[in-house]
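What you see below is based on every heavy atom in this structure, not just the backbone, and it leaves out hydrogens, waters and symmetry mates.
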Amino acid sequence: MRADGVLLAQRHRPHVVITADVTELARLRTCAVGGVIALAVEGTDEQLHRVLTDGARGFLLKRSSHEELLAAVRAVARGHAYLCAEVTGRLLDRFEIVPPSEEMDRGLGLLSDRERQVLVRMARGRSNDEIARELYLTCATVKSHVSHILAKLGQPNRMHAALLAQRMGLLTRTG
């Protein structure tokens, strides 16, 4: 982001700023913007550490899909953090916070097609209301699907189920 981008952020106080200029992250954070999403070409561990330390609430690779960009903006605008699927997968592999692959495959095999659609949208950062609108369901039906997904996958919450979906590559396989 050029210096005029920081001035614009100071003047307009946007909910979310997306920048590829990681040197401006600290200045953007002081502009009282809602959140900053950093874009990177490679997404090395060092880059991730730097941008998170400098206050970014989101991290995407420049090759991220439009859907992932929208999910990141929505999540950061709601006050949440968002890491691209590739980086999330690397973190999961490093910390081993999800079950082994064969156990995950078995759990995913228990899901209905509709539950998989809901899970993919959860992993993209969608709220229950957003999922309901996208899939033409009621919010109560989405909540029911989420409960079934968590039970079938043996996951304690939405975040763990979403991370599981990302690690299993569901975001690249299904819409």
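Taking each heavy atom of Ala132 and Cys139 in turn, the nearest pair found is CB-N, 4.0 Å. The minimum heavy-atom distance linking Arg126 with Ala71 is given by the pair NH1-CB, 4.1 Å. Taking each heavy atom of Ala123 and Ala165 in turn, the nearest pair found is CB-CB, 3.9 Å. Nearest approach of Leu61 to Cys84, heavy atoms of both residues: CG-SG, 3.8 Å. The minimum heavy-atom distance between Ala161 and Met122, with the atom names listed, is CB-CE, 4.0 Å. Minimum interatomic distance between Ser112 and Lys152 (heavy atoms only, all atoms of both residues): N-NZ, 4.3 Å.
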query: Given Thr141 and Leu135, is the side-chain contact (heavy atoms from CB on, under 4.5 Å) satisfied, shown in steps?
result: CA-CA 10 Å; Thr141 300; Leu135 297 177; over 6 Å; no
task: Decide side-chain contact (heavy atoms from CB on, under 4.5 Å) for Glu67 and Leu70; before the verdict, give the C-alpha distance in whole Å, the side-chain angles of both, and the deciding distance to 0.1 Å.
output: CA-CA 5 Å; Glu67 292 83 11; Leu70 288 172; 5.8 Å; no
task: Step by step, work out the side-chain contact (heavy atoms from CB on, under 4.5 Å) result for Leu60 and Tyr82.
output: CA-CA 8 Å; Leu60 292 173; Tyr82 189 95; 3.8 Å; yes
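Interatomic distance, Ser147 OG to Arg158 CZ, rounded to the nearest 0.5 Å: 10.0 Å. A distance of 10.5 Å separates CG in Leu164 from CD1 in Ile149, rounded to the nearest 0.5 Å. To the nearest 0.5 Å, atom CZ of residue Arg121 and atom CG of residue Asn128 are 13.0 Å apart. For the atom pair Ile131 CD1 and Leu137 CG, the distance stands at 9.5 Å (nearest 0.5 Å). Distance check: Lys143 NZ to Asp129 CG gives 8.0 Å after rounding to the nearest 0.5 Å.
Checked by atom type and distance alone, the side chain of His148 pairs as donor or acceptor with a backbone atom of Ser144 at under 3.5 Å. A side-chain donor-acceptor contact under 3.5 Å links Arg63 to the backbone of Val41.
Counting only heavy atoms from C-beta outward, the side chains of Val118 and Glu115 never approach each other to under 4.5 Å. Considering only heavy atoms from C-beta on, Ile37 comes within 4.5 Å of Val16 through its side chain. Between Leu48 and Leu83, the closest side-chain pair of non-hydrogen atoms falls below 4.5 Å.
In this structure, Arg133 has no salt bridge (Lys or Arg N to Asp or Glu O under 4.0 Å) partners at least two apart in sequence or on a different chain. Legend: residues meeting salt bridge (Lys or Arg N to Asp or Glu O under 4.0 Å) with Arg78, ordered by chain and number and at least two apart, are Glu130.
Atom CG of Asn157 is surrounded by more than 12 heavy atoms from other residues, nucleotides or ligands within 6.0 Å.
Between the side chains of Arg114 and Gln117, at least one donor N or O sits under 3.5 Å from an acceptor N or O.
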